[in-house]
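Written out below as structure tokens is the structure these notes cover.
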Amino acid sequence: DTGVSQNPRHKITKRGQNVTFRCDPISEHNRLYWYRQTLGQGPEFLTYFQNEAQLEKSRLLSDRFSAERPKGSFSTLEIQRTEQGDSAMYLCASSSDWRQETQYFGPGTRLLVL
Amino acid sequence: AQTVTQSQPEMSVQEAETVTLSCTYDTSESDYYLFWYKQPPSRQMILVIRQEAYKQQNATENRFSVNFQKAAKSFSLKISDSQLGDAAMYFCAYNSDYKLSFGAGTTVTVRA
């Protein structure tokens, strides 16, 4: 299976700790997206990469959040000084250049901040 | 910003019957894409069907079909011959550049 993968699948942390999530997109997909989904709601856009360049960041992405895609392949999303309000599912998606509008999602990382 | 509205929080359907999920959106763009995604209890978001706004023909994928009304900005999903495996949260989504804007979702339950 060459779908989008995300690790870890679940993360429990204490308030104030830093956490990092990883996303591996579908092979040869140049575009990579991060979304956040709270319980019972639709996903909300966080940020977007084309290759290694981060082209857009949502207002939802406070300065405690940082995302990277250093070699244009996998991406990491780091949350510093976590707060209880950061508890959510963090979804990663990818798309190809030739069909950029169609995004394929990974299984997500469920974060619980205690 | 584009707004996507799903007015039905929950829908229930008898196995083998048909259910229709509604979705409306607000945009000033003329060229865009619309999607329905399915998110089962395992929470992996799965693409169900895709519609290009410039195509008048409604998209169909096996038992799933859409009714796309561009002037009314309406994009409904019909699930025919419902199966137990169709039980999930369904999200309508809009894309005109790079990011998806999602509705709040409709939970579909299938009665055996």
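Values below: all heavy atoms of this structure, side chains included; hydrogens, waters and symmetry mates excluded. Keep in mind that this is a model prediction, so the values were computed, not measured. Chain letters run A, B, ... following the sequence lines, proteins first and then strands; every chain starts at 1.
Look at A/R64 and A/E83 and you find a salt bridge, because one of the NZ, NE, NH1 or NH2 atoms lies within 4.0 Å of a carboxylate O, short of that distance.
Seen from the ring of A/F74, A/R22 counts as a face-on cation partner, given the 6.0 Å and 45° thresholds.
In this structure, a donor-acceptor pair under 3.5 Å is absent between the side chains of B/Y54 and B/S30. Side-chain atoms of B/Y25 and B/T5 include no donor-acceptor pair closer than 3.5 Å. Using a 3.5 Å distance cut-off with no hydrogens or angles, the side chains of B/Q8 and B/S22 do pair a donor with an acceptor. In this model, no donor atom of one side chain and acceptor atom of the other lie less than 3.5 Å apart for A/S94 and A/Q103. Between the side chains of A/Q80 and A/Q17, no donor-acceptor pair is found at a separation under 3.5 Å.
Between the A/Q6 side chain and the A/G108 main chain, a donor and an acceptor come within less than 3.5 Å of each other.
Neither the backbone nor the side chain of A/L55 comes within less than 4.5 Å of any heavy atom in chain B. At a 4.5 Å heavy-atom cutoff, B/Y32 makes no contact with chain A through either its backbone or its side chain. Contacts between A/R31 and chain B at a heavy-atom distance below 4.5 Å are absent for every atom of the residue.
Residues of residues 56-79 of chain B having a heavy atom under 4.5 Å from any heavy atom of chain A: none. For residues 98-112 of chain B, the interface with chain A (any heavy-atom pair closer than 4.5 Å) comprises B/Y98, B/K99, B/L100, B/F102, B/G103, B/A104, sorted by residue number.
Cluster partners of A/Y90, by chain and number: A/V19, A/F21, A/L32, A/W34, A/L46, A/F49, A/L60, A/L61, A/F65, A/L77, A/I79, A/L111, A/V113. The rule joins Ile, Leu, Val, Met, Phe, Trp and Tyr whenever side-chain heavy atoms lie under 4.5 Å apart.
Side-chain atoms of A/P8 and A/H10, non-hydrogen and from C-beta on, never get closer than 4.5 Å to each other.
Taking A/T102 as the reference, B/R50 meet the side-chain hydrogen bond (donor to acceptor under 3.5 Å, both in side chains) condition, with sequence neighbours excluded.
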